[in-house]
2 protein chains.
Amino acid sequence: MKIDPTKPADLSAQIAEAIRDGIVAGDLIVDERLPSEAELAEQFDVSRPTVREALKRLAAQSLIRTQRGAAGGAFVNRLSFEDAHEQQITTATLLLSMNAVSFETACEARFALERACAPLSALRRSADHLATMRAEIHRQSQPGLTDEAFCASDVAFHRALVDGAGNPVLSYQLAGAVEAMQPLMNMITFTARSRDRIIGLHARIADGLEARDAGLVEAALTELEAYTALLGRDRAAQSSGRVAR
Amino acid sequence: MKIDPTKPADLSAQIAEAIRDGIVAGDLIVDERLPSEAELAEQFDVSRPTVREALKRLAAQSLIRTQRGAAGGAFVNRLSFEDAHEQQITTATLLLSMNAVSFETACEARFALERACAPLSALRRSADHLATMRAEIHRQSQPGLTDEAFCASDVAFHRALVDGAGNPVLSYQLAGAVEAMQPLMNMITFTARSRDRIIGLHARIADGLEARDAGLVEAALTELEAYTALLGRDRAAQSSGRVAR
DNA sequence: GATTTTCATTTGTCAGACATTTAAATGTCT
DNA sequence: AGACATTTAAATGTCTGACAAATGAAAATC
């Protein structure tokens, strides 16, 4: 592990990269302890603050964790699905909010991904998944539910659908996409009629999964996509109509 | 923006979180300059190194960029698809390598996602995408190609398929998944016969896209999934047969 | 032997300083 | 006045040294 002090990049960035490469290449295995900050500083021939900046970069990506005290230090972190999920959501959320991705584009991606889960979920969903979905449908039909709570329940419903596929990689990828869209969905105001429509489609999805009929689920998802896109367009039209610019 | 010095979390982590929240909430907009490190140190009532550690955390997530010099400083970064893509790949790669995700699971997720792209890609693929895919197929049939080069071309082929869908969100999500699998794919040795089989399926995918027939593409992808899973099982069987453990 | 105390190690934080980069301000010449 | 060179100030990047706080292990004590 060597770094080039003449490179234009920051030393801390170079050091972080060197350590990251070591982790990816398997030179550093999970739960292995890195040398102490003082030792790393000596190895890379830099000061301790520089090493610390590098370690913080890695910590921000959940690649390492640090522990204070005698037997403390920096340890290679076992990246959990939860950690990755968190990162994915913040990244995807920012991406959607800053790149002005159109609602339609995000919507299309989301439902395309969900439809990809449908056959697997129809095959493997447990009774638990189904129960969760039914419970969320019931919550969604409660009167007096705020739009935000409705959205949150919507996310939980779709998350159960995705988890039903029994593939953690899919769950991680997809749940991230679904949750990242929530801020955009929250901007929609759901009328009683639109809620009824959505709940009805949710029920059809749950029915399809119960019958293990992927076709039904996909059809309902396609309808739901079209309806969601419509709601998005309505909101856009309203807000552009209300405010002058 | 306030932090609590009595909290168990590191000050730099708290500061990073405070700034991140500001970005997500829109208090800090893209390309806006943050206060200088010295000013931030005063605002949060901490030292400059602590502020710097916080900024490095944010830089590691591509949330900010820093510039040296007179008009320099830390600026809120417009998160690009490329940046997000990079992050996604490293995260997903580590996730696959450290969590011992089975080849089958990763494979299933990958092809489920690709099938989700098929209808959109059939509808929207440009002549360019098709040309890229044909070119990669041609490269794959060159004799003397190393396994690694074959894999790289395979990734390029599938990336063109995904990009053909014309949905940047899908491209970002999916290309990440495909590329993250490359290390696992690289562990497979491709015989001449298996290459022929794969190339044939690639050709069928390209044909399907050319004819804008999503069904053909999906069918070929399903076959390719089955075949890839088979190759993965073979490799597992061989390696477990060769080495004792 | 069990409990308490001490201690060494390590990360977390601070203060101050200097180096380097960079753009803007200033000065100078044509 | 305009073009070019120089200076300057502001900002990040880095270093040194120090102290605080946490923590596990060894030593001391009961």
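So you know, we letter chains A, B, ... as the sequences are listed, proteins then strands, and number each from 1. All figures in this text were calculated on a predicted structure; none of them were measured in a lab.
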In B/S/- notation, 5' to 3', how is nucleotides 17-25 of chain C contacted by protein heavy atoms closer than 4.0 Å?
B--BBBB--
Side-chain donor or acceptor of A:Asn167 paired with backbone N/O of B:Thr105 under 3.5 Å:
yes
A:Glu108 and A:Thr228, any side-chain heavy atoms less than 4.5 Å apart:
no
Counting the atoms with a prime plus P, OP1 and OP2 as sugar-phosphate, which does A:Arg65 contact under 4.0 Å by heavy atoms, base, sugar-phosphate, or nothing?
nothing
Determine whether more than 12 heavy atoms belonging to other residues, nucleotides or ligands lie under 6.0 Å from atom CD of B:Glu32.
yes
Non-hydrogen atoms of A:Arg78 and B:Met98 that approach each other most closely:
NH2-O, 3.0 Å
Find the distance A:Glu37:CD to D:dC19:P and express it as a whole number of Å.
18 Å
Just by modelled atom types, is the A:Ser36 backbone N or O under 3.5 Å from a matching donor or acceptor in the A:Glu39 side chain?
yes
Separation between CZ (B:Phe150) and CZ (B:Phe190), nearest 0.5 Å, reads 5.5 Å
In whole angstrom, give the distance that lies between atom CZ of A:Arg33 and atom P of D:dT23.
15 Å
Verify whether one side chain among B:Asp163 and B:Ser171 offers a donor that lies under 3.5 Å from an acceptor in the other.
yes
Reckon B:Thr66 has a side-chain N or O less than 4.0 Å from the OP1 or OP2 of D:dG13?
yes
Could you verify whether a donor N or O on one side chain and an acceptor N or O on the other, from A:Thr90 and A:Thr93, lie under 3.5 Å apart?
no
Do the side-chain N and O atoms of A:His129 and A:Ser126 include a donor-acceptor pair separated by under 3.5 angstrom?
yes
Under a 3.5 Å cutoff on both atom distances, Watson-Crick or G-U, what's the dot-bracket for DNA chain C ([ ] crossing, | other strand)?
||||||||||||||||||||||||||||||
Verify whether one side chain among B:Thr189 and B:Asp147 offers a donor that lies under 3.5 Å from an acceptor in the other.
no
Protein-nucleotide distance (A:Leu11, atom CG; D:dC15, atom P), rounded to Å:
6 Å
Look at atom CZ of A:Arg139 and say whether more than 12 heavy atoms of other residues, nucleotides or ligands are closer to it than 6.0 Å.
no
Rounded to the nearest angstrom, tell me the gap between atom CD in A:Glu42 and atom P in D:dT14.
19 Å
To the nearest Å, how far apart are A:Ile15 CD1 and D:dT14 C1'?
11 Å
Near DNA chain C, under 4.0 Å by heavy atom, which residues of residues 49-64 of chain B?
B:Thr50
